[in-house]
Every structure is written in structure tokens, then in C-alpha cells.
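Encoded as C-alpha cells, the structure appears first; notes follow it.
Proteins come first, then strands; the chains are lettered A, B, ... in the order of their sequence lines, and each starts at number 1.
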Amino acid sequence: MTVGSLLGSLRRQPVIAVAAIVAAVLLILAVAYPLLTHVDPNGSQLRLRLQPPSWLGGEGLLGTDQLGRDLWTRILFGLRTSFLVSIGACVVGAVVGTAVGLAAGYFGGKLDAVLMRITDIQLSFPALLLAMLVVGLLGKGIWLLVLILGLSTWMIFARVIRSAVLQIRSTELVVSSTSIGATRTRIVLRHVLPNVLGPLAALVALEFARIMLAEASLSFLGFGVEPPGISLGAILAGGRDYLQSQWWIATFAGLFLALAVLSTNLVGSWLQRVVDPTRVTT
Amino acid sequence: MTDAAHAVRTRAVADTTAPPENPALARVENLRITFDRDAGDSVSPVEDVSFEVRPGERLAVVGESGSGKSLTSLALMGLVDRVGGRIADHSQVEVLGVDMVRAPEPARRALRGGGIGMIFQDPLTSLDPVRSVGFQLGEAIELHRPALDKHETGKLAVDLLDQVRLPRPQALLASYPHELSGGMRQRVMIAIALAGDPDLLIADEPTTALDVTVQAQILDLVHDLCDERSLAVVLVTHDLGVVAGFADRVVTMYAGRIVEQGATEEVYAAPRHPYTDALMRSIPPLTHREPRLVAIPGSPPEPAHRPTGCAFHDRCGFAEEHVCTTERPPLTLVEGSSDARRVACLRLTEITFPLGAARATERAESTGPAGAADGSPLVSVRGLTKKFAIRSGGFGKREQLTAVDDVSLDIGRAEILGIVGESGSGKSTLARCLLRLIDPTSGRIEFDGRDLASMSARELRKQRPRMQMIFQDPSSSLNPRMTVRQTLLEPLKIHGRPADEQTLVGLLDSVKLPASALARYPHEFSGGQRQRIAIARAIALRPELLVCDEPVSALDVSVRSSLLNVLSDLRAEQGISLVFIAHDLAMVRFLCDRVGVMFRSRLVELNGNPEIYDAPVHPHTRALLAAQPIPDPDVERRRRTMRRDLLNEAGDPSTEGTRNVESA
């Protein structure tokens, strides 16, 4: 899969191409925020509170919030939190879930039964409620949030990876590797794992967007990132009271959140389709 | 048929000699089927195909993968648009007076299951698993015979099951597809196809998923039904042996075009197209042991990558530069032959095939390759048994399936041992037990004097380089994410063997693949080439024993013989012992020194190569030999009656597929 053929595939799918550009722009905004704003995101100027965007005769690119903080700067920092938490939680969930799924699927038997029951038990808990409980007990913090959200998603990875492994086990790949003298570790890491990367990529794409929303929800409810940390969910919560008159606060925060979730989801599912080497490249 | 339609047709195919009053049942003219691809371009898997089906005749459409034979049969059923294909404007497909391209869908639908009966490859997926046989048969009858009342429908259903020779038809109506064996399911499919009292039966690879003995019975049944009901059949298949015993006329397709057509006897006696000729000669004979098979180089092209000019020129021994490579051969009438014998070859008049002569001389020389060397056997198996625990239905009730039952055999050094048997006979389980890829329940497997069955995992891994295996489906045994280089390097790395470029190129050379293959991925190769890669990996460690589990069954007919030659060379050049597992007795005849026959988990007969063919002892061996299709119409016709008695004796259809299940 070369860069050229990836670009060629994008050219044939304009919707995905737009989504890829949007996702890239959002990521650049989240990473390169110092170049785009020089304002302290928490610096409140009560004199300039609830100002509309400058192009509507107000203050700042996207206006200010109820404490007079620059909304554009806060959204940039919120995006940064969104990406950071989602990437971190996905890594945690994918690593834990893949390990569990590989072990359960490849070795089967009692280990499989025990691991899958644990998975079932955790799946039966509402993830957000559990997250709120843990936050209530252990306190807030962005890295704790990464861990909690990561551990709220590993079960899905475990299940999908397990079924993918079972499918590979049923082919002759495992037997033929055994017959050349490969050890079990080698078979799992060199033959099984690379062949479940396709479903893994698809799932990361879906879960990435879901976690982004979950983080925003938790922050909206006051269980997520707390000040001075900034989250799009918290901005939305703050803007909720001003929807009628100062619409821009909730609208722009919500718009950026929606764009981030939608574009990463589209790009993720497209990537999953094109990186599969068994697919004949046209 | 209207005058206008007729006029269009005669204009479209000026060279078609069929007179207008010829009452053809079905007529395909200038059929071209095109698919649009994601990339924006399009491919045409079927190009310019014309033929007709006459009332009551058995017509076979033969071809390999990518030949367009199945799409052609879909066109006859008016189903091409359902699979996303387009039929060109100048194409005509007419069945029983209905235009299957342009007629409205209801008219076409009425014909399917009515005037046209259809049978497909896998009866398990074509039958509804949650409906009883009686329901599905009744449904077919109600759709196409609305005049019948409930009582008459029931009677007809029983009558149809009786016609397809199913025992106890009344009781069978209440059973479900999963309760029936493969052969019985296919009989039910045929009964459903007959429900609309068709004039034309289209059978797309109807016996490919079945065992040879069942295949023979099903084909004989369809053959008889044709005579009884004056039914015309279009049999779509890849198997030239099946055609010989079945068809009156044969249409051979290659790369989307018809390359040869004519009466079966004439085509088989003297094929005139280089492809047909090479294909016939590449099939190993059952009557004697060839020293070497005629191999066709390369593999059939995919629709998107067909060569210019004659599509066969790159594999043809007679191809001439600037003629065959540039000009597309028209399908022309062969002079002096009867019954619309046509061949699409530019050099038709220039070349002659020494088919008959070649066969006679080879037979005279044929003594077979040197037999096994003397001395102690490499592998000695005693009392090998493998049982699987299967859970069935109820709480904690366990049953055991005996897959291999008390098998004892020896494999000599540099010997090729064939194991034949039908599906479920335990031959694949035996193969895996031999290499201890699965643990046997009891018995000894002595490999060079040491018992594999009781060896520790670590010890076993040390022995692995000495014994290797090749599987049926190379696309599932090779890692799709590893290049050929990585694939070949892996065994060498695991066992710490030196692995330089020269070694890898040498491995590829011994399976006749170019060095340029190293950097590519398995999916970039054809099925036959992939199997060569699998063989190259297996011999990388210089094993003493190579177990091949149906290594060519998944491959196209034209690439099989060259692979069999490769296997034969391995023994001759490297002294490797081979266990060759197959269901095709003709391939075993060519390759093996001794043959074992598995039947219901037991090794029922084991004998030397000429002996077991000349004087088979066990009834199942005799049944297998009688059912093996032979690509010779004369022989097949003579065998049909003899076969019927033998197969009836060997297996009642009501018991076929019975497994050795015992309570534990």
C-alpha cells in the first residue's frame, strides 16, 4: 500500500477526502495551538463577558463566554483534550482488549471461558455510570480519565479480536505454521496478530469517536476534566444556560465536537477498508 | 418468436448456420457480459458466446475458473442483472421463446423453476434450513402448478421424490435439510427443479461438492431423467471426466469465449483446439501409469488480464508470433465434421495433434518410476486411533467420533504412498496425526525408529524439519501479510539454518517459480503458483517426509498436472518420501507406489500401485474405481450399467454419509 495509491483511493471518494482534510485540520489545530492564539484560555475579562464573535461586532474570533474568556482559544484547548483522551484511551483499550482476545481465542478452553465471563460482567455495567463512580471515589484528572475510558472499552476489543482469532484458527495457517516448527508465541505474534489488525483498525476508528463523545459527556456532567483543564463538553455545559441569547458558546463547541467525531469515524472506516493487503488494489 | 426478432438475429450472426426453423430450446447469440468496476473501467468476463440447446439433448459447458461458464448459465436463467452484470445490446438469449435479456422480470421469473429447472453446486446453501423438504417441494409445486389442490400437490411431491430415487418418500417430506446427506440433499434439489415440469435443466457444478461415488449416482440419475422426461440439460462443469459420461455435445470455454464445440465423441476422440487437446492429455489416465504428465504452462487468465489475440496463445505450444498474439480467432466450422463442430483457432488447418499415437507409445514404455528403496521404513504406524469428543444436544451427554480407527501402515524411504477416501473417511485426520499436528488417542507413530506419539513438545519441534506438510488451500495456509521471501525464510530462521539469497532462489527454482516472486505477496499469485510457494516453504528444511493433503484439489484442471510433476520430481531428485492424500484415483495412479483406501475411519485396503487397480479387493475400492469419471465417452457408456450394480451394492443412498458415532 503506497502513499500514491492511498491518495488515488481518496480521489475516488470525495466525501472521505473532505473528512480526511477536516480531521487533519482539527488535529493540526489541537497540536499547533500556540501559533493560533496568544490568549490565556483561562484568563477571564469580566468586562468582555458574553461578547459575540468579532465578525458580529463583538470580541475575539468566536466571541467570549460567561466569564469573558476567549472562546476560540478555549475550543482549541478543548480539541486538544479530546484528541489526547481519545488516543490515550484507545491505546489502553486496544492493548488490554487485544491481549485478552488473543489469549482467549487462541488458547480456548478454560482460559477462554474465564476471560469471556469477565468481559461479559464488565459489559453489563453502564460504562458512564461506572466512570462516574470511579471519578467520585478517586478524584479527577486527565490521566485517570484516560485510564477509566480505556478500561470502559477493552471488552469490545476483546470480543472482536477473539472472534477474528477464532476465524484464523479455523484456517490452515496455524497448523501449517506448527508444521514448520514455529512455537506458540511465534504463531500468535507473527501469524495471528498481523491478521487481526484489519478488524482492530476498524474498531479503533469506531471506538475513537465513541470515546471522544464519552469524554465530552463526562465533562458535560462535571465528572470529567475539571478546571483549569478545558473540555468541549464543559464548554457546552457552560453555554447551555445562554442558548437563547448567546448561542455562539454552545454552538461552536458542539460544532467542533461533531466535526471531530464525524471526520475521524469516516477516515477510520475508510482506512480499515484500504489497508487490507488481501484486497486487490484497483 | 417474431419476424422482427428473427431478422435482428440473422443480421447479428450472419455466419450462424442454424436454419430458422430449427426448434432450438434455448439460443444464446453473441453473448457479451460486462461488469463496471470501482476503478471506473469495466471488464467483460463473457465475450461473444453463441450456442444453442436442442430439445432433449445433454449439453456440457466446460471451463476453468474465469472462463465465464457460470455467468453464461446465469444468462440462460436471466439472472445476470442480479449479480451486477450488463448484457450488451447486440446479445440475444432466448429460452423457450422468452427473451431472457429484455423480457419483463415477471415473464423471466415464471420460466425459472417452471420451464427451466435449476440445480446448484451446494444443496445445503440452496435449501432453506428451517423448512421441511415437504414444504419446500410443495412451495415449488404451488408456484408453477397453481391448478393443483392440496391433495394433488402432496401426491406429486411424493411422486417427485420417488422419481429421484429417494427411499421412503412419504417419510422424507417431514425431514429437514440438515438431516439428509449431501447426495440426498442434491436429489431433493433435483426433485424441486422437476416440480415445474421443465423442458430445460441447468446444472451448475451439481456434483463438485459431492464424493465421487455420490457424484456418479447423481449424474446417472440426471442422465436417466433426461431420457425418461425428454429433458434437455445444460451441465456446467470443470471436470472433463464428468462430461464424457454425460453429455451428447460439449462446449469448451476459455477466457470468456468458446474455443471448441461439437459432439462429445468427436471432441474427445480428436480435439482440434490446442487448449482442449492439452487439457485432455494433462489428465492422468486410470488405466496405466504415465511416467510424466503433459503439463500446460501458466494458469488461466483473470477476466481483467486476458492476453491479446487468442487468449490461450501464452500457454499454447502451437502459438505463432504476430498471428496468434494479435488476431482474435473466430469460431469456425470444421470441414468434414458433422453437427456444427466449431473451433476457434487461427492455425486450425495447419496443426495436427498426435494424440492417439502419443498415448499408444507412452503406454508401451510405461513402467512407472522406480519403486521404493529397500531397507527399514521411514515411518511405521501401528494401531493409530483418533477420537474426537463431540457434544450433542442434551445436558452433559457426550459422544465420541472415531475419525481414525486402528490404522497401521509403513512408509518406505523415497516412497510415495497414496491415501484415498471420500470426505469424512478420516484421511485428513490421519495425515495430521502422522505429523502429530494433532495428538492421536492411541497407537504408535515411529518416525525413523522414534515414537512421535509419546514425544515431548520440545523434542517434537526438533523433529519438525524432517517432516513437512502441504495443505489443500494455499490461500489459507500462507500468511497473507508476509511476502514470499518472508514466508520462505521463516522455517529457516526458526531452525537456525543459513538463508542466503541463493537458497531462496534455488527453492523457487525447484518449484519452477521465477526469482522475482520473492518480493511479492501471496495474493498476487494464482492458486497454482500459491501452492508452489507452499511446496517451496515445505521443502526449505530438506524434509525426509512430505505429507500432501489434497494439494491440487482446489486448483484449476490445467494447472494440476504440472504440480503433480513437481511432486514427482521431488521424490526423484531429493529422495523425499511422500504421503499423497486425494480423492482422485487417477492422480494417485500417476504419482503413487502404493495406495491405501480409507473408508469410515478404517484403512480397508493397502496394496501396490498396479495391483490395487488391476485387482481391487474391498467393495469400497471397487466402488471408488467404478465411480471415478474417465474422460472417454466410449468407456463411460460401457461403465454406466456396471457401475449402477456396484454402487447399489456398496452404499444405499439412505445410509450414505453415516459416521462412526458411538456413545462414550
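Residue contact with chain A, scored on non-hydrogen atoms closer than 4.5 Å, involves the backbone of B:Met467 exclusively. Residue B:Arg432 touches chain A through its side chain alone, counting heavy-atom pairs closer than 4.5 Å. With a 4.5 angstrom heavy-atom cutoff, B:Leu478 touches chain A only via backbone atoms. Contact annotation for B:Pro491: both backbone and side-chain heavy atoms come within less than 4.5 Å of a heavy atom of chain A.
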TODO: Could you give me the CA-CA distance, side-chain angles and deciding distance for A:His191 and B:Arg481, then say whether side chain to side chain contact (heavy atoms under 4.5 Å, CB included) is met?
DONE: CA-CA 8 Å; A:His191 294 293; B:Arg481 290 188 184 256; over 6 Å; no

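Contact tally against chain B (heavy-atom pairs below 4.5 Å) for A:Thr171, A:Thr178, A:Val175: the top residue is A:Val175. Contact count versus chain A (heavy atoms, under 4.5 Å) is highest, among B:Leu437, B:Leu460, B:Asp549, B:Asp41, for B:Leu437. Put simply, of B:Glu490, B:Arg461, B:Met482, B:Lys462, the one with the most heavy-atom pairs under 4.5 Å next to chain A is B:Glu490.
Applying the 6.0 Å contact sphere to CD of B:Glu459 captures more than 12 heavy atoms from other residues, nucleotides or ligands. Residue B:Phe388 qualifies as enclosed at atom CZ: its count of foreign heavy atoms under 6.0 Å is above 12. The environment of B:Arg520 atom CZ is dense: over 12 non-hydrogen atoms of other residues, nucleotides or ligands sit within 6.0 angstrom.
Note that OG1 of A:Thr183 and CZ of B:Arg458 are 10.5 Å apart. Values are rounded to the nearest 0.5 Å. Remark: B:Met469 CE to A:Ile180 CD1 distance equals 14.0 Å, nearest 0.5 Å.
In this structure, the side chains of A:Ser176 and B:Arg537 come closer than 4.5 Å at one or more pairs of heavy atoms.
Side-chain N or O atoms of B:Ser476 include one that pairs as donor or acceptor with a backbone N or O of A:Glu172 at under 3.5 Å. A donor-acceptor pair is defined here as one N or O able to donate and one able to accept, closer than 3.5 Å; such a pair exists between the side chain of B:Asn479 and the backbone of A:Arg190. B:Arg464 places no side-chain N or O within donor-acceptor distance of the main-chain N or O of A:Ser179, the cut-off being under 3.5 Å.
B:Ile494 approaches A:Gly181 most closely through the heavy-atom pair CG2-O, 3.5 Å.
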